[in-house]
Amino acid sequence: MEKVLITNNVTKYFYEPEKFQVLKDISLAVNRGEFLSLVGKSGCGKSTLMYVLSTMDTDYEGELEIAGVRLTGKAQNELAPFRNMHIGFVFQFHYLLPEFTVLQNVMIPALKRGQVSRAETEERAYEKLKILGVEEQALKRSSKLSGGQQQRVAIARALINNPDIIMCDEPTGNLDSYNSQVVFDIFHQLTHTHKQTIIAVTHDEEFARKSDRVVEMSDGKIINGLHK
Amino acid sequence: MKSNGLKLSIEIARVHLFSKPKQTIIAMLGVTFGIGMFIALVGLMTGLNNFTEEITMTSSPDIHVYNDVTEPRKSILEKENPEGFNLVHHQKPKIESPKLRNVNKMVELIREDERVLGAAPTLSSQVFYNYGPVQLNGNILGVEILEENKLFGLRAKMKEGQIEDLLTNHDGIIMGKGLAKKLNAKKGDRVVITTPQGYTMTLKIVGIFQMGIGVVDNVRSYANISRVQTILQQDQSYITDVNVKLKNRHLSKTVAAELQGKFETRAEDWETANATFLTGVIIRNIITYAVSFTLLIVAGFGIYNILNMTIYNKMKDIAILKAMGFAGGDVKSIFMIQSLVIGLVGSFAGLIIGYTLSVLISKTPFNGGDIISLEHFPVNFDPRYYIIGIVFGVATTAIAGYMPSRKAAKIDPIEILRGQ
């Protein structure tokens, strides 16, 4: 199996209010097309680990490799274009830009990448919105949508650059059970039909149970789920 | 790739600016007001400066050559005993004639210099103008009227009569307008003058001039050199002053020094003679720039505040943009573009407002009274100040926008995205 993400002995400390080890020798390998849930009690370090994996946090020891590229030691200015191309994000809150339309929101990462023409970008954005079932909302302001629709638009935005991995931080944390189910089904479909890799930090037990692989953390260590 | 990022930054900046139009307009108005006032103030101040400079220059020569009898001189003791310790207390000047030696040759030599536009020998006398039983204090300048015209453009200042009338009229005078008014005299009238020596003479007014400055128009008359020599009871070689006009006024300091060395007499340049006037110009400029800078700094603080607020409100947007692959520089450019647009549009509107104000001021009636003849405020429309204005405006907004933009670039997205 192709490994899309590999970490080697990732260790991280918090220095405020006092020195504290949040991550202890995390070594993890994620296969392409895997739907992985990262679970554990509050404060176990799962979110911290996700931000290290997503390259936004560079203050750690150990090694990180995504899509065959070693990312440890790179500066934020190099990592930003890498994220743009290889990582999509879905958070607990949608974080759509409120002044822009749904379509514009989805297009922004692709425009930033600037690899294809504007017309093609727009076409691709419509395609993604269609997968998420919100293409009718395309020309509305993002702030005018319901919470479930907004989260789906956020997922469409995460998909626009065909990333290697989608990183999620509590993707269903702010949704009702119906919309949670919708989001889960979308993730499931993405991983199984589009070979999309997803790493989701979650508190939602049902969500975690149904995913392909559950990695459980406690006190900064992986205690379960290293193997499938 | 890079231009794509900039295009996207411009698009985001545009949406930000248009989504809060009220806030954007208020920020622009700050700049507009600052630049508008700068243009109006500078226009009026430099207009006044130019006007007074022009007036001063029409009545004072670039270089004034004369015999300075009050010039401190070395005592005999010092000449005899230069090495010694000499003390001469409160030495008085010796009796010396203010007459310049060998004037004709001197004038000829000065005129040969190609930097010189003209040199006019003159002499003047204090006189009393008799108006019935009243005696008015004044003076008479003995001139070669055609040369004087070349230096000071006298022909354009004539209100009545021709300057040539003086050549044909041996006892004619051309009188200042203010003085003529005081004497209730018109062209063709005769006036009686009394010299300081008590000598009385009747002269005929052949023309009336107006320089536009009270101190000249209210006391001065022009006469032929020989007439004034008669008034002073001096011989035909008696000339006390030579006025020199240069082609380039700003060379006067160097030329004056040369003349002083060459003719061993005092040669004073206009900058030294009009030091108080020049100080006035400098002070007016300082005030103008100080006021304009203050206005612009206030406008700059406004922009700083508004941008800071915008960035504070857009923390989440900035965090997600960074997560999606916007580098610090991209985020910075989004906000820098906003402040530069505010600066450019605001400054441009300021130029229009400033121009409008300047036009209004230049149309405002202003009575200069007897001191200066002025009907409207003089306003300078030099495009240079408009360029300075727009450069000022954009620079201030760029500086005011840079600090919040840099802060936005440094925002750590993790803190915002995970902290609920």
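Worth saying up front: this structure is predicted, and the values here are computed from it rather than measured. Protein chains get the first letters and strands the later ones, always in sequence-line order, with residue 1 at the start of each.
More than 12 heavy atoms of other shown residues, nucleotides or ligands fall within 6.0 angstrom of atom OH in Y15(A). Atom CD of Q21(A) has more than 12 heavy atoms from other residues, nucleotides or ligands within 6.0 Å. Residue K24(A) qualifies as enclosed at atom NZ: its count of foreign heavy atoms under 6.0 Å is above 12. In F301(B), the CZ atom is not crowded: 12 or fewer heavy atoms of neighbouring residues, nucleotides or ligands sit closer than 6.0 Å. No more than 12 heavy atoms of other residues, nucleotides or ligands sit less than 6.0 Å from atom CZ of F348(B). Crowding of F184(A) atom CZ: a count of heavy atoms from other residues, nucleotides or ligands under 6.0 Å exceeding 12. No more than 12 heavy-atom neighbours from other residues, nucleotides or ligands sit within 6.0 angstrom of OH on Y312(B). Crowding of N313(B) atom CG: a count of heavy atoms from other residues, nucleotides or ligands under 6.0 Å exceeding 12.
Put simply, of G88(A), P109(A), S47(A), the one with the most heavy-atom pairs under 4.5 Å next to chain B is S47(A). Chain B forms more heavy-atom pairs under 4.5 Å with one residue of Q104(A), E99(A), E170(A), Q76(A) than with any other, namely E99(A).
The side-chain heavy atoms of L417(B) and F89(A), taken from C-beta on, include no pair separated by under 4.5 Å. The shortest side-chain heavy-atom distance between K112(A) and D330(B) falls under the 4.5 Å cut-off. Contact check for D317(B) versus Y95(A): no side-chain heavy atoms found under the 4.5 Å cut-off. Side-chain contact check for I320(B) versus R157(A): some heavy-atom pair is nearer than 4.5 Å.
Between the side chain of R83(A) and the main chain of G325(B), no donor-acceptor pair closer than 3.5 Å is present. Side-chain atoms of N84(A) come within 3.5 Å of backbone atoms of M324(B) as a donor-acceptor pair (strictly under, hydrogens ignored).
For chain B, the nearby part of R118(A) is the side chain; its heavy atoms alone come within less than 4.5 Å. Neither the backbone nor the side chain of L79(A) comes within less than 4.5 Å of any heavy atom of chain B. For chain B, no part of S54(A) is nearby; none of its heavy atoms comes within less than 4.5 Å. Residue L321(B) touches chain A through its side chain alone, counting heavy-atom pairs closer than 4.5 Å.
Once rounded to the nearest 0.5 Å, the distance linking CD of E415(B) with OH of Y51(A) reads 11.5 Å. Between atom OG1 of residue T48(A) and atom CD1 of residue I414(B) there is a gap of 9.0 Å, rounded to the nearest 0.5 Å. To the nearest 0.5 angstrom, L111(A) atom CG is 11.0 Å from S9(B) atom OG.
Taking each heavy atom of G328(B) and N77(A) in turn, the nearest pair found is N-OD1, 3.9 Å.
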